[in-house]
Number of protein chains: 4
Amino acid sequence: MSNPIRVAVVGAGGRMGREVVKLVLEDQELELATALDRSAGGIDAGILVGLPASGVIITEDIELAFVEHKPDVMVDFTTPQSAYANTLLAIKHGVRPVIGTTGFTPEQIKELDKLCIEKEIGGLIAPNFSIGAILMMKFAAQASKYFPHVEIIETHGDQKLDAPSGTAIKTAEMIVENREELRQGNPNEEETIEGARGGYYNGFRIHSVRLPGVFAQQEVIFGGYGQTLKIRHDSYERAAYMPGVKVGIQKVMEYTGLVYGFDQFIE
Amino acid sequence: MSNPIRVAVVGAGGRMGREVVKLVLEDQELELATALDRSAGGIDAGILVGLPASGVIITEDIELAFVEHKPDVMVDFTTPQSAYANTLLAIKHGVRPVIGTTGFTPEQIKELDKLCIEKEIGGLIAPNFSIGAILMMKFAAQASKYFPHVEIIETHGDQKLDAPSGTAIKTAEMIVENREELRQGNPNEEETIEGARGGYYNGFRIHSVRLPGVFAQQEVIFGGYGQTLKIRHDSYERAAYMPGVKVGIQKVMEYTGLVYGFDQFIE
Amino acid sequence: MSNPIRVAVVGAGGRMGREVVKLVLEDQELELATALDRSAGGIDAGILVGLPASGVIITEDIELAFVEHKPDVMVDFTTPQSAYANTLLAIKHGVRPVIGTTGFTPEQIKELDKLCIEKEIGGLIAPNFSIGAILMMKFAAQASKYFPHVEIIETHGDQKLDAPSGTAIKTAEMIVENREELRQGNPNEEETIEGARGGYYNGFRIHSVRLPGVFAQQEVIFGGYGQTLKIRHDSYERAAYMPGVKVGIQKVMEYTGLVYGFDQFIE
Amino acid sequence: MSNPIRVAVVGAGGRMGREVVKLVLEDQELELATALDRSAGGIDAGILVGLPASGVIITEDIELAFVEHKPDVMVDFTTPQSAYANTLLAIKHGVRPVIGTTGFTPEQIKELDKLCIEKEIGGLIAPNFSIGAILMMKFAAQASKYFPHVEIIETHGDQKLDAPSGTAIKTAEMIVENREELRQGNPNEEETIEGARGGYYNGFRIHSVRLPGVFAQQEVIFGGYGQTLKIRHDSYERAAYMPGVKVGIQKVMEYTGLVYGFDQFIE
């Protein structure tokens, strides 16, 4: 077996950061090189996430940590602002960035790609690391060729601000590219309670359920002639993104330049 | 074992009538006394519904059939207009009516009750014979005491005219009687596609899905603190009403007067 | 619009035959040329299936019907024995066979292919016409590349004799071709009730639920790191096979020779 | 509004302890009086669980903490051994115990009840704090009176040792008390893969699915005549027990003596 990949986790005390720390500590192909956080400094990274002490004490100075611990990869799920600065620092020190933050501008992405190529390292920025969600979208798109009658039901926590979810809209777009044009339902249909039939999108409907206790769920339902076909993805917690993060960590070791989006790692 | 109950099926060639014929032919506690239909006269009732020949030939003259075959019970899933006339005829001949039609006026119900009492027979008019649907509504009402956060998703065939369904509205009313008042969701929530959040009813949401191939389905979802509780009833076909019809046939043999609504036979 | 395809339905009074009659009568691209059945002779095919009278009276003599009505296609969901004889007759008269019966021998299939080619017509024998079930199996196979942890739950009517279902076993085989080898579960797992963990197949488990009221349902569940991906197909009734039957009817008009299996019409 | 209830959390660094700390810090009707843990001493309880600093530093000496901080209630999800000792200490100091540990002997429970009564305080030991799971079991028991055909499917993480789960067995027992005796399925049914039909229990079947990423899910499916009724409870994480823990904390303030089991707080 080859040496484990040495990972620096930035924002280790944040919600996603904690999951990344757990992933790295529990996976034998990965090693926690260093862990950074502004408010959890001084605490052992293992203790912080509910695991045995790891010997890695959380610090605040990223550049110093890169110099001292020479990580192969930096994983950053912080904010767009700090992620950009951290990525510049990482590339400068030959540390491959794996970034789970949205909000980078096309110019920034172009620049970071150029810097990665100059340094001959790989990098990844991915707004969605969920392999399951990506498969759900691909299958839904394929099925809509044969079952043009479709509705999407997505369920998220009750404090979510926007409806429908980004994933639901992305799914709907992918369906439209594959499905024959069709306005579903009875043309004389009437809502006795306004909105009951959900949001209208290119001939079909999207429904957004918001309930406390739910993290992120989506079901795409196809109906026709005495049957339904359902494709459903349930994320129960942030850990759902970790298999994708691990694939990202492994992939950036193998290529040069910055990749945007995780989809292309899935056939 | 006691003698089977002798049943007359009116509207035997209709969608529900066919199911009632099947029920009666296949259940040993029931016996098909006669079967009536205006357009299927002359055909054997068994052949009509895809069973072996039953020896009962479908006829058109209801009163004659009552006199000749002396049924104990008449089951009628025709239209409000003919059901009323049929019920009068049935009571006159001492045949207990079991009616699955909506649209009777309160005056008609009162009158039929009086006639049943005079004749010392039972009768039943029930807009919903689905035991499963009635249990779903009762459980949903009970659960809403403990889980005030709730949404209803109902799915019906794509040619249904009204949304939400009558069952969804009835369920919502029963929930409101038990649930603490609460306006769910984030107060700053925004729909980027209008209607995505569903129909608003007393603080919670109802979603109506319409897809071909579906008969009648409803799911009531309660959410809270890392968990969901779901109560789901799926009717796949008209046969779903038959266990309730059978209970109705048995019950009208036991009491006197007209009962309206099936709920009261369920604890 | 081109002329409708003229269809002969053999076994029109059987469970599947009735569905085919409905399909043909209700679809404008199809026309009921003739309908055959040994026990429902003399009845109008429309009345038999609960539709308005169609003018097509069910008869018994297949060869005569072929000669008189010159159908383009014969659909046969009878038994293996009669289907073979019917197929020979159909080809002889230039009627393209679409057969939904299992049990043909490889020799018979070879022979029928040769006869179709000689007659320059297409033919199809397909044990499974369900497009939805075929998509479910394809998606499950694809997903198992990324989510090796999988279980299959299939639900059928409570009088089904064999468990697991043929579809479940076919799905499991397709998964095995794509999934990394892996023995799931805790090696020290113990069943306090024997069989609770389901049937073991190449490292994963298959569960067969049998309940009255269910026609055919299957869910393939993939699990990993805080998420599940579910692919579910529910057939509510025999009508679920009809879109596939229609595709079959259309396809046999376009090629020459006998095709075995419906999968190849799905990308 | 009355004063918040002051809570001591024992085992604050454990998996359940962390959830209790979060519950208490985020709920305005509760106040964190003190938090105890043997390996997380010196860390702020808020920081440990990913919340802002709370000002409560985790300590190790329970008795000292009771004396200094005078909590109203102690919540303990540690081990049976330490929970017993902690409960004795709590009662001695007039702190009401709420214990989520199994394994107490009947003698211990009797003794603790006597001590609570002497001290005129309430106490609670509950092996299952999930309100949703308790409702699911009650509804399943009720439904089985009307739908005797039932199967249970429970899904847990793939490292669970026992199958079926304790909740599945409890549910099955409650169903048996309400359901007419009946051996489901075709008497000539055959398993081509042994165990496919699941574990046999008093005429019906229980299926145990084990997949990584799942915490605790159970579905009870009733089937009959063209319909299914499903009651499903999904726990996504330990937080699912917290509403029950809160009810427990509030209830022990209101009565005297030790209550065993949470069910009786649910009508």
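Reminder, nothing fancy here: chain letters follow the sequence lines and each chain counts from 1.
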(Q) How close do C/Gln227 and A/Ser130 get, counting heavy atoms only, and between which atoms? (A) OE1-OG, 3.7 Å

Q. What part of A/Leu135 lies closer than 4.5 angstrom to a heavy atom of chain C: side chain, backbone, both or neither?
A. side chain

Q: Select, from A/Phe215, A/Tyr236, A/Phe139, the one with the greatest count of heavy-atom pairs under 4.5 Å involving chain C.
A: A/Phe139

Q) Of all of A/Glu219, A/Met136, A/Arg232, which one pairs up most often with chain C through heavy atoms under 4.5 Å apart? A) A/Arg232

Q.
Take a 6.0 Å sphere around NZ of A/Lys160 and say whether it holds more than 12 heavy atoms from other residues, nucleotides or ligands.
A. yes

**Q.** Part of residues 237-248 of chain A lying next to chain C, heavy-atom separation under 4.5 Å
**A.** A/Glu237, A/Ala239, A/Ala240, A/Met242, A/Pro243

Q. Should C/Tyr146 and A/Ile134 count as side-chain neighbours, where that means a heavy-atom distance under 4.5 Å?
A. no

Q) For C/Glu181, does the CD atom sit with more than 12 other heavy atoms under 6.0 Å from it, leaving out its own atoms? A) no

Q. With only heavy atoms counted, which part of C/Ile221 is less than 4.5 Å from chain A, the side chain, the backbone, both or neither?
A. neither

Q: For residues A/Lys230 and C/Lys230, determine if any side-chain heavy atom of one lies less than 4.5 Å from a side-chain heavy atom of the other.
A: no

Q) Quick one: what part of A/Phe147 sits under 4.5 Å from any heavy atom of chain C, side chain, backbone, both or neither? A) side chain

Q) Is chain A contacted by the side chain of C/Lys145, its backbone, both, or neither, given a heavy-atom distance below 4.5 Å? A) side chain

Q) Can you tell me how far NE2 of A/His233 sits from OG1 of C/Thr228, rounded to the nearest 0.5 angstrom? A) 7.0 Å

